[in-house]
Amino acid sequence: MPNVGIGVVLPTSNWNGKLLQVGCGGYCGIAPEVLLVGCRDALARGYACTVSDMGHSSTGADGKWAYNNLQAEVDFGYRATHVAVVAAKAITDAFYAKAPERAYYMGCSTGGRQGLVEAQRFPWDFDGIISGSVNIGMEDELMALLWDARALRGADGKLVLAPDDLRHVHEAALAVCDMDDGLKDGIISNPRSCAFDPAKLLCIEGDRGTCLTAPQVDALKKIYAGPQTSKGIKISTGGPMPGSELSWIEWFFPNAYSEAISPSKESMIEIFTREWFRYQAFMPDPGASWKLADFDFDRDYKRFGLMESLLSNQNPDLRKFKGAGGKLIVYGGWNDPDATPLGTIDYYETAVNTMGGRAATEQFFRFFLVPGMGHCGSGDGPFSVDYLRYLEAWVEQ
């Protein structure tokens, strides 16, 4: 049965006449009353604000809710965000005896995917949408994370690289590309143009100190390149960018964050990715017996089609959203190891071509990559932006 939990908070004295929906992260599933913490800033601005658990109850890293549960997967894929805002508009109208004048959406990571899904599937729900750190194709994201996790472990199961190795690699990448904008500031401004080659760090006979072994260089090359078949055929848009190495540490290595999720010596990537492939990636789901080593990069990516139809946020045809007067801001970080920039760049460029060129697209869709920023925030440079204020000005003025 459909089971979408929502929360709505309504200011009693200073309502600005508008409604904001805030997205969630990971696999969502958090109780709406907890998620409403994300509405604090919106309430202070006078917004009515709503959230959704995306159709299930779990933790952000627990995927068992989806185990052969098609309705829950439909809710998570596209239905929950839509029905939540429909209900929130009705509740707001009933409470104030007046419908919201504007409806906005804001989310990052899974919340960013929710925003793009809304623009593509339900273009009349929101006047403006902010989608941050968007993974274009959840199945491609998780396959890439699995690729990274496998690349980082040797045949003995031990990590090939350590955090100190990545710090050294990061400094080497900066030495090559930090000055790409004429400013030495510890940030690579355009990593796509960075010709950093980790093979230059390979140890030669007599080296001491911070050089890398051949397996370490091989692991780095695999991660930068992204998933490929055994014949070297690329099956993704690419991996994380040069300069992003410090942000890998939190994602790719056992740390306090993954310990909080599960008392193990696995990284967040391994925990999150394993749950996805066990309980949601395929149809039928393989279940708890599936292991990270079971994925075959020569054939298993071809099995994503059924689930992709539920989760897709890759449609570049945004004519209905534009025709409805909607405005879309998509942003990401050049140093993001999860929602890697090349996938979002590819989506934006495809949308530009579909919508009739850059000028026609920029009338309603703007895309920003923040140098030095990681996933949804943090990083080596400025990353805190009041996107909602800019969206309001764009839509209303």
Is any NZ, NE, NH1 or NH2 atom of the basic residue among [X] and [Y] found under 4.0 Å from an Asp or Glu carboxylate oxygen of the other?
| X | Y | value |
| --- | --- | --- |
| Lys291 | Glu270 | no |
| Arg45 | Asp386 | yes |
| Arg167 | Glu245 | no |
| Asp93 | Lys89 | no |

Take the angle between the ring planes of [X] and [Y] and call it parallel below 30°, perpendicular above 60°, tilted in between.
| X | Y | answer |
| --- | --- | --- |
| Phe297 | Phe295 | perpendicular |
| Phe365 | Tyr347 | tilted |
| Phe122 | His82 | parallel |
| Trp290 | Phe277 | parallel |

Query raised in the report: Name the one of Ile129, Asn135, Leu328 that satisfies side chain to side chain contact (heavy atoms under 4.5 Å, CB included) with Leu116?
Result: Leu328
Query raised in the report: Which residue, Cys28, Ser58, Ser57, forms the side chain to side chain contact (heavy atoms under 4.5 Å, CB included) with Trp65?
Result: Ser58
Requested in this report: I would like to know whether Glu362 and Arg358 meet salt bridge (charged side-chain N to carboxylate O under 4.0 Å, His left out); could you show each step before the answer?
Outcome: CA-CA 6 Å; Glu362 287 192 341; Arg358 183 73 173 266; 2.8 Å; yes
Query raised in the report: Is atom NZ of Lys234 surrounded by more than 12 heavy atoms (other residues, nucleotides or ligands) closer than 6.0 Å?
Result: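 For Lys234, atom NZ is crowded (more than 12 foreign heavy atoms under 6.0 Å).
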Query raised in the report: Counting only heavy atoms not in Tyr390, do more than 12 sit closer than 6.0 Å to its OH atom?
Result: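 No, not enclosed.
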Report task. Kindly indicate whether a cation-pi arrangement holds for Arg366 with Trp394, taking the cut-offs as under 6.0 Å to the six-membered ring centre and within 45° of the axis. Result -> yes
Query raised in the report: Looking at Phe76, does the NZ or CZ of Arg113 lie under 6.0 angstrom from its six-membered ring centre and within 45 degrees of the ring axis?
Result: yes
Query raised in the report: Is a side-chain N or O of Trp147 found less than 3.5 angstrom from the main chain of Gln228, in a donor-acceptor match?
Result: no
Query raised in the report: Taking only residues two or more places apart in sequence, or in another chain, which ones meet Phe321 in a ring pair (Phe, Tyr, Trp, His ring centres under 6.0 Å)?
Result: none
Query - Check against ring pair (Phe, Tyr, Trp, His ring centres under 6.0 Å), Tyr348 and Phe367 - result: CA-CA 7 Å; Tyr348 179 70; Phe367 171 45; 5.4 Å; yes
Query raised in the report: How far does OH of Tyr224 sit from CE of Met241, to the nearest 0.5 angstrom?
Result: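 It comes to 10.0 Å.
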**Report entry** Among Lys18, Gln397, Arg102, the one residue meeting side-chain hydrogen bond (donor to acceptor under 3.5 Å, both in side chains) with Glu392
**Finding:** Lys18
Query raised in the report: Can you name the residues that form a side chain to side chain contact (heavy atoms under 4.5 Å, CB included) with Ala199, not counting sequence neighbours?
Result: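 Partners of Ala199 under the side chain to side chain contact (heavy atoms under 4.5 Å, CB included) test: Asp197, Val217, Lys221.
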